[in-house]
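First comes the structure, then the notes that go with it.
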Amino acid sequence: MILLWTQEVSEGKATVVGVNYMPLDPVYGIKDGNGNLMTKEAIEKLGGVFVESIPQPEPNGKMGIHFVNPQTGEQWYEYEERPKTEMEILKEELAAVKAENKELKLAIAESVEAQQQDKIENQLAVAELAEIVATKEVL
């Protein structure tokens, strides 16, 4: 028998918070304060639920939370989005920084191109002005 330690959520629903695969073993079983092996009934009074097996959660990429009905021993999983790992968070941040870096590089390139165009226009204006000045001196 397998022992599920539980925490009650509501009537007929408890979260499994621990598992003991040898609760009644003479050596490794659950002992009372005097070191005596506890009976199945005594363990159940403390909130333990005995079951024959534990179902596996579905491999769906979510975090399965194991529940049991303490009265019937029925077991099930409820699924939540699992928290992102530190590595996943860092990868997302790196991708965002790379995208921002690409945008900044493009903005800098556009700014340099605009400055070069302004420089050419200024040089043309200076040349035109110099030509006007030169022709007025000739007259």
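Across all non-hydrogen atoms, the minimal contact from P70 to V68 is CD-O, 3.2 Å. The heavy-atom pair separating T85 from R82 by the smallest distance is CG2-NH1, 4.1 Å.
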Please report, to 0.1 Å, the donor-acceptor pairs under 3.5 Å made by any side chain of residues 12-19, with sequence neighbours excluded.
| residue | atom | partner | partner atom | Å |
| --- | --- | --- | --- | --- |
| K13 | NZ | E78 | OE1 | 3.3 |
| K13 | NZ | E78 | OE2 | 2.9 |

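Here the CG-CD distance, from D118 to E113, works out to 11.0 Å after rounding to the nearest 0.5 Å. Atom-to-atom distance recorded for K102:NZ and L106:CG is 8.5 Å, nearest 0.5 angstrom. With values rounded to the nearest 0.5 angstrom, E41 atom CD is found 12.0 Å from L46 atom CG.
Under the 4.5 Å side-chain heavy-atom criterion for grouping Ile, Leu, Val, Met, Phe, Trp and Tyr, L94 is not connected to I89 through any hydrophobic cluster. Connection of I30 to M1 is established within a shared hydrophobic cluster, with ILVMFWY side chains joined at heavy-atom distances below 4.5 Å, either directly or through further cluster members. In the hydrophobic clustering of ILVMFWY residues, with side-chain heavy atoms under 4.5 Å counting as a link, F67 and I54 come out apart.
The environment of E131 atom CD is sparse: at most 12 non-hydrogen atoms of other residues, nucleotides or ligands sit within 6.0 angstrom. The number of heavy-atom neighbours closer than 6.0 Å to CD of E121, taken from other residues, nucleotides and ligands shown, is above 12. More than 12 heavy atoms of other shown residues, nucleotides or ligands fall within 6.0 angstrom of atom CD in Q123.
In this structure, K98 does not pair ionically with E93, as no charged nitrogen and carboxylate oxygen lie closer than 4.0 Å.
Counting only distance, with no hydrogens or angles, the side chain of N34 and the backbone of N36 share no donor-acceptor pair below 3.5 Å.
Contact of the K105 side chain with the E110 side chain is not registered, since no non-hydrogen atoms from C-beta on lie closer than 4.5 Å. Between Y79 and E58 there is a side-chain heavy-atom pair separated by less than 4.5 Å. Here the side chains of L4 and Q75 are in contact, with some heavy-atom distance below 4.5 Å. The shortest distance between side-chain heavy atoms of V49 and W5 does not fall below 4.5 Å. Side chains of I2 and N20 form no contact here, defined as non-hydrogen atoms less than 4.5 Å apart. Two residues are said to be in side-chain contact when any heavy atoms from C-beta on lie closer than 4.5 Å; M38 and P23 fail this criterion. Using a 4.5 Å heavy-atom threshold, the side chains of I43 and L24 count as touching.
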Q. Can you list the steps and then say if W76 with N69 is a side chain to side chain contact (heavy atoms under 4.5 Å, CB included)?
A. CA-CA 9 Å; W76 69 95; N69 180 327; 4.2 Å; yes

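Screening residues 20-66 for ring-ring contact (aromatic ring centres under 6.0 Å, His included) gives H66-Y77 as the qualifying pairs, with residues at least two apart or on separate chains.
Shown here are the salt bridge (charged side-chain N to carboxylate O under 4.0 Å, His left out) partners of E92, two or more places apart in sequence or in another chain: K84.
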